[in-house]
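Structure record follows, encoded as structure tokens.
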Amino acid sequence: MNFTSPLLNWYDAHSRNLPWREQKDPYKIWLSEIILQQTRVEQGMAYYYAFVERYPGIRQMADATEDEVLKLWQGLGYYSRARNMLHTAQFVTRQLNGSFPSTAKEIQKLKGIGPYTAAAIASIAFNEPIAAVDGNVLRVISRFFGIQDPVDKPDGRSQVDTLANEYLNRLRPGDFNQAIMDLGSQVCKPRNPLCSSCPIQKDCMANALGLTDKIPMKQGKTKVSEWHLDYLVLTNKGHIAMKQRTRQGVWKNLWDFPETNISSPTVRDEFPEIPSEISHSTQIPELLATFSHKLSHRDITARFFLLHISNTPDTINGQNVIWTPKKRFGELAVPILIEKFWSKHQQNFD
DNA sequence: CATACGTGGCC
DNA sequence: TGGCCAAGTAT
């Protein structure tokens with residue numbers, strides 16, 4: 001099988017010039033890998049630059065607050081990555097004396113780092129011969145070797161792991177891993193792969209069998225459930241009531257508005273009750289907007305009810321709130337759903 | 001082992 | 001359009 005050599009030759013000629021590839025700084029490689037988990041390079045690039053500028057090294061990141069890191073991360077999604085990243089920055093700085101672990105085994109003990117990211121950092125930053133198997137590698141390897149078992153099941157997955165480590169170039173493990181990822185993202189794409197431009201087309205099983213649109217085979221589909229969210233947008237003289245999502249769950253530690261207590265689908269035509277903490281209000285909440293928003297696992301329908309009130313209680317429907325001046329709304333890390341609502345309707349809050 | 005966890009792009 | 005996919009991890 002002619003796999004590794006043509007792959008590395010192709011990489012030498014076509015590798016992308018990415019900022020975290022300019023040096024072998026474990027901090028920057030780690031940061032880029034966390035950002036790029038389940039995220040395309042094009043989407044993550046601006047965030048990478050923002051983080052490197054704000055935190056040139058892991059020690060600077062360790063001194064940050066979680067609110068600040070989440071605000072920088074806003075819009076990237078999977079916010080546990082940001083929380084775990086800060087935790088790891090503090091752990092490496094304070095417990096490991098600022099020295100990033102140098103083996104995949106040790107790296108994987110850090111929060112937010114699993115088998116893929118540990119192997120990627122170890123191979124790229126420390127030259128450890130270990131295959132980093134991500135979605136691209138799963139696709140390239142399963143197509144090239146014609147693996148027709150589902151790659152999201154243990155059997156198919158372990159076949160790919162084995163082959164990737166078997167064909168790994170032990171002299172250039174980091175380049176080998178990045179070469180497959182670049183090939184997977186630029187040539188061996190999920191749909192409409194550019195097989196005629198592929199350096200390993202000649203020995204590719206999926207290409208020979210006409211199965212590039214069938215491989216990689218996958219089994220699992222996560223079911224999407226519906227979720228109704230009813231927000232109370234309370235204002236008082238240019239201040240807005242905001243609450244932090246501290247409970248375990250989606251958007252943890254990001255900010256949004258207090259929620260009403262009428263989220264049951266059967267009573268969705270009713271107006272929300274006035275929270276008992278509100279001293280007196282002659283009007284009823286006005287339905288300002290209805291937004292739909294899709295998460296990977298939820299279809300959200302969010303309604304935003306506006307109400308001007310004359311006191312500033314510390315809790316709304318039992319939820320702790322802060323009263324944020326309208327000018328400072330932008331300092332809070334909010335879900336994209338809230339950001340979109342805000343950018344469209346903030347003029348209503350004067 | 002299955003499910004939770006965001007958002008944007010593509011066809 | 002709705003479903004799939006993206007440099008996955010934690011539980």
Side-chain angles (χ1 to χ4, degrees), chain A residues 15-16 18-21 28-48 70 73-85 87-88 107-124 131-140 150-155 157-158 161 164 174 176-186 188-193 213-214 216-225 227 245 247-254 256 291-300 333-340:
Chain A
S15 66
R16 289 174 291 180
L18 302 173
W20 47 88
R21 288 179 176 172
K28 292 180 179 170
I29 292 167
W30 163 67
L31 170 62
S32 72
E33 291 298 341
I34 300 301
I35 288 175
L36 265 26
Q37 287 170 1
Q38 296 289 282
T39 304
R40 286 184 178 77
V41 167
E42 311 82 67
Q43 192 191 355
M45 188 68 80
Y47 289 86
Y48 174 82
L70 284 173
W73 197 271
Q74 176 179 307
L76 246 197
Y78 288 140
Y79 298 92
S80 67
R81 291 183 293 170
R83 300 191 303 267
N84 288 333
M85 184 173 71
H87 182 276
T88 289
I107 293 170
Q108 198 177 330
K109 292 178 182 172
L110 302 172
K111 267 199 172 151
I113 296 185
Y116 161 75
T117 304
I121 297 172
S123 65
I124 297 168
V133 179
D134 72 335
N136 289 307
V137 180
L138 237 29
R139 188 170 58 256
V140 171
V151 296
D152 58 351
K153 308 298 279 187
D155 178 44
R157 167 68 198 218
S158 72
D161 284 343
F176 175 86
N177 285 329
Q178 294 180 93
I180 307 190
M181 291 192 267
D182 272 17
L183 187 74
S185 64
Q186 298 178 82
C188 195
K189 301 183 294 180
R191 275 160 303 192
N192 305 323
D213 58 341
K214 295 281 188 275
M217 307 266 282
K218 293 195 178 175
Q219 200 122 99
K221 294 180 201 341
T222 40
K223 36 198 149 180
V224 176
S225 56
W227 194 26
R245 303 186 64 88
R247 292 195 313 258
Q248 198 66 138
V250 76
W251 300 324
K252 183 180 171 188
N253 290 5
L254 272 66
D256 57 4
F291 278 64
S292 24
H293 186 73
K294 286 178 182 300
L295 306 186
S296 53
H297 55 301
R298 274 177 202 178
D299 279 349
I300 298 175
V334 301
I336 286 300
L337 167 67
I338 302 298
E339 181 69 27
K340 286 179 175 168

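Note on naming: letters A, B, ... go to the chains in the order of the sequence lines (proteins, then strands), and numbering restarts at 1 for each one.
Residue W20(A) is classed as a base contact, given a heavy-atom separation below 4.0 Å to a base. Counting non-hydrogen atoms under 4.0 angstrom, I113(A) reaches the backbone sugars and phosphates but no base. Across all strands shown, I336(A) has heavy atoms under 4.0 Å from sugar-phosphate atoms exclusively, and none from any base. In this structure, R21(A) reaches the bases: a heavy-atom distance under 4.0 Å links it to at least one base atom across the strands shown. Among the heavy atoms of the strands, none lies under 4.0 Å from V137(A). In this structure, L18(A) reaches the bases: a heavy-atom distance under 4.0 Å links it to at least one base atom across the strands shown. Within the nucleic acid shown, S185(A) comes within 4.0 Å of sugar-phosphate atoms alone, with no base atom in reach, counting heavy atoms only. At a threshold of 4.0 angstrom between heavy atoms, the contacts of G184(A) with the nucleic acid are absent. Nucleic acid contact class of G44(A) (heavy atoms, under 4.0 Å, all strands): none. K252(A) comes within 4.0 angstrom of no nucleic acid atom, judged by non-hydrogen atoms across all strands.
Comment: R16(A) engages D182(A) in a salt bridge, judged by a side-chain N to carboxylate O separation of less than 4.0 angstrom. The pair D299(A)-K294(A) meets the salt-bridge criterion, with a side-chain N (NZ, NE, NH1 or NH2) lying under 4.0 Å from an Asp/Glu carboxylate O.
In this entry the distance linking CD of Q37(A) with C1' of dA6(C) reads 12 Å, nearest Å. Atom CG of L110(A) and atom P of dT9(C) are 12 Å apart (whole Å). Look at CD1 on I34(A): it is 19 Å from P on dC5(B), rounded to the nearest Å. Whole-Å rounding puts the D299(A) CG to dT7(B) C1' distance at 14 Å. Between the NE2 atom of H87(A) and the P atom of dA10(C) there is a distance of 11 Å, rounded to whole Å. Between Q219(A) atom CD and dC1(B) atom P the separation is 13 Å, expressed in whole Å. At whole-Å resolution of the value, CD in Q248(A) and C1' in dT11(C) are 9 Å apart. Rounded to a whole Å, the CD1 atom of I121(A) is 11 Å from the C1' atom of dA7(C).
Side-chain proximity of D134(A) to dA6(C), dT7(B), dA7(C): nearest is dA7(C). Side-chain proximity of Y78(A) to dA6(C), dC5(B), dA10(C): nearest is dC5(B). Of the candidates dC1(B), dA7(C), dT7(B), dA7(C) carries the atom nearest the V41(A) side chain, counting heavy atoms from C-beta on. When distances run from any side-chain atom of R139(A) to the nucleotides dA7(C), dG6(B), dT9(C), the shortest one goes to dA7(C). Picking from dT7(B), dA7(C), dC5(C) the nucleotide with the shortest atom distance to the side chain of K218(A) gives dC5(C). When distances are taken from the side chain of Q43(A) to each of dC5(B), dT7(B), dC5(C), the shortest belongs to dT7(B).
Between N84(A) and M181(A), the residue anchored nearer the 5' end of DNA chain C, judged by the nucleotide with its closest heavy atom, is M181(A). Take the nearest nucleotide of DNA chain B for H297(A) and for K153(A): the residue whose nucleotide is more 5' is K153(A).
Annotation: dG6(B) and dT1(C) have their P atoms spaced 25 Å apart (nearest Å). Between dC1(B) and dA6(C), the distance separating the two C1' atoms is 23 Å to the nearest Å. Remark: the separation of the C1' atoms in dA7(C) and dC11(B) is 23 Å, to the nearest Å.
Put simply, the side chain of R16(A) and the base of dA7(C) share a donor and an acceptor less than 3.5 Å apart.
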Sub-3.5 Å pairs of nitrogen or oxygen atoms, protein against nucleotides 9-11 of chain B:
none

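The aromatic rings of W20(A) and Y48(A) stand perpendicular to each other, their planes meeting at an angle above 60°, with 30° marking the opposite boundary.
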In sequence, state the C-alpha distance, the side-chain angles, and the governing distance for W73(A) and I34(A), and then conclude on side-chain contact (heavy atoms from CB on, under 4.5 Å).
CA-CA 11 Å; W73(A) 197 271; I34(A) 300 301; 3.9 Å; yes
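Taking 4.5 Å as the limit, every side-chain heavy atom of Y47(A) sits out of range of all side-chain heavy atoms of T39(A).
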